[in-house]
Chemist: 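Below is one structure. I have some questions about it.
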Amino acid sequence: MTAAMDILITKAETSKLKDLNLEDLPFGKFFTDHMLEADYENGEWKNAEIKPYQPLLLNPSLAALHYGQAIFEGIKAYKDVDGNAFIFRPEDNFKRFNISAQRMDMPEVPEELFMEGMKQLIALDKNWIPSKQDYSLYIRPFMFSSDEIIGVKPSDTYKFLIILSPTGPYYSTPMRIYVEEKYVRAVPGGIGYVKAAGNYGSSMKPTTEARKKGYDQVLWMDALEHKYVQECGTMNVFFIIGNTAITPDLIDGTILNGVTRQSVITLLKEMGLNVEERALSIEEIIAAYKSGELREIFGTGTAATISMIKELRYKDFEMKFDTNGWKTAPEIKKWITDIREGRREDKYNWMQKV
Ligand code: COI
């Protein structure tokens, strides 16, 4: 795989766009006219193609369906007032994708295929980028093992795809969160830092149980002591205590190195807050709540951007907040959204033009 011109392009004969209301979109339900697909065989990437969005024909013995060598990324693209398309920090997602690939013993995807393929695909489906505030084109690159064999071993063949979904906000209202004590998301030495499909698969049952109790998501605790907070649902999490924003550190490899997390850390520092990446225990959170020092809690992620947490329940103890009076989370959310949608200076060069 060398350069952009190696990607074969077959255009869809008609567009589905006319049937869609770009002003009213649930998250991740609709897909654009085209997709990118490439194959890994005999140690190299080949057959890179952009073609009409279509089903895949898969053999029931497909390795990924049995043993879960499957990874993905989430990235967002926006349109400025002049109709130019921009992608938010795609290089960071590209790097993280290959970190995931390494941990899952999968081949790395070359930068040209990932970045050029994504840009060419977006250029083709540019009209699908919604202009409505808080809406975007969600980009989903993913890779899975494609050997047709049920022996447990790394696959010799893989598929890499990119699909695009015009999308509205992921969570639109402040969330009620249940501190999870029984199930865990990640262990040191495991795959918590990896965007592997299995991490999300194993979160379904705990989340369903929390929903039955009336909560939106769980707050994951560390696996060894059930004492330190980790992530919140599919998001990284921040606690503002006094003038300090605290978020769990990445040292044990149990936390996803979120691109939105990194961006929020940068902006919080610019706002004048102290930022600490460190272990944070639930006891410290409860003590800060009782003393009135715990000001705000929010989750960060590509899909969610910033999601405020209005309630946190640990055992029988409820921490409730009136998010209407919050300053930091709404300001950070507005700041990032304004950079992404071209209303505020992009001084960190986060936006990459298509
Ligand atoms: C994202 O924030 O992009 C995610 O991957 C979370 C979820 C949609 C799986």
Side-chain angles (χ1 to χ4, degrees), residues 25-32 64 68 70-78 86-101 103-104 114 118 122 129-130 134-144 160-173 175 177 185-186 191-208 210-211 216-220 230-238 247-248 250 254-265 298-309 329 332-333 336-337 340 350 352:
L25 296 167
F27 180 86
K29 186 163 179 201
F30 299 106
F31 297 93
T32 66
I71 59 169
F72 70 95
E73 271 302 325
I75 311 173
K76 279 180 171 171
Y78 300 82
F86 290 86
I87 317 171
F88 185 72
R89 305 190 72 170
E91 292 278 352
D92 296 87
N93 294 89
F94 162 67
K95 287 181 193 141
R96 190 174 65 186
F97 190 78
N98 279 340
I99 289 171
S100 297
R103 176 61 181 83
M104 300 300 285
F114 191 102
M118 177 167 58
I122 294 172
I129 305 177
D134 290 333
Y135 281 48
S136 61
L137 186 70
Y138 186 81
I139 306 161
R140 172 53 61 86
F142 60 107
M143 171 168 45
F144 60 87
F160 171 67
L161 292 101
I162 306 180
I163 54 176
L164 307 174
S165 175
T167 207
Y170 195 71
Y171 301 113
S172 37
T173 49
M175 297 188 302
I177 300 296
R185 178 184 169 275
I191 57 167
Y193 67 101
V194 165
K195 226 160 160 58
N199 280 339
Y200 296 79
S202 64
S203 75
M204 305 284 176
K205 185 175 167 63
T207 310
T208 299
R211 290 215 168 110
D216 300 300
Q217 276 293 347
V218 299
L219 180 66
W220 300 106
Q230 300 256 286
E231 293 191 11
C232 182
T234 62
M235 299 179 293
N236 293 120
V237 64
F238 286 75
T247 191
L250 308 176
T254 55
I255 310 276
L256 190 79
N257 183 3
V259 177
T260 310
R261 174 186 182 275
Q262 291 298 348
S263 311
V264 166
I265 288 174
F298 56 90
T300 67
T302 298
T305 310
I306 309 285
S307 220
M308 293 189 280
I309 293 170
I332 291 279
K333 181 171 184 170
I336 287 202
T337 310
R340 285 166 155 179
W350 285 339
Q352 211 176 101

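Owing to the predicted nature of the structure, the values given are computational and were not obtained by experimental measurement. The chain is numbered in sequence order, starting from 1. Whatever order the structure lists ligands and atoms in, that order sets their numbers, starting from 1.
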Chemist: Need the ligand 1 atom indices (1-based, order shown) with element for anything under 4.0 Å from a heavy-atom of G74.
Modeler: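 Taking each heavy atom of G74 in turn, ligand 1 has 3 (O) under 4.0 Å.
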Chemist: For the residue pair E73 and M118, establish whether any side-chain heavy-atom pair is separated by less than 4.5 Å.
Modeler: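 E73 vs M118: side chains apart.
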Chemist: Nearest non-hydrogen contact with atom 1 (C) of ligand 1 belongs to which option: F72, Y170, Y138?
Modeler: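 When every heavy atom of F72, Y170, Y138 is considered, Y138 comes closest to atom 1 (C) of ligand 1.
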Chemist: Go through ligand 1 atom by atom and flag the ones less than 4.0 Å from a non-hydrogen atom of Y200.
Modeler: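 With Y200 as reference, the close atoms of ligand 1 come out as 9 (C).
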Chemist: Quick one: does K195 get within less than 4.0 Å of ligand 1, heavy atoms only?
Modeler: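 Within the 4.0 Å threshold, so yes.
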Chemist: Here's one to test your reading of the geometry: is the NZ or CZ of R340 within 45 degrees of the ring axis of F88 and under 6.0 Å from its centre?
Modeler: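 Pair R340/F88 counts as cation-pi.
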Chemist: Can you confirm whether or not the ring centre of F238 sits under 6.0 Å from the ring centre of F298?
Modeler: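 When the ring centroids of F238 and F298 are compared, they turn out to be within the sub-6.0 Å range.
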Chemist: Which residue supplies the protein heavy atom nearest to atom 2 (O) of ligand 1, what is that atom called, and how far is it?
Modeler: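 The protein heavy atom lying closest is A303 N, 2.8 Å.
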Chemist: Below 6.0 angstrom between ring centroids: does that apply to F160 and F97?
Modeler: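 Centroid separation for F160 and F97: below 6.0 Å.
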Chemist: Do Y170 and T302 come close enough that some side-chain heavy atom pair is under 4.5 Å?
Modeler: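 No. Closest side-chain heavy atoms not under 4.5 Å.
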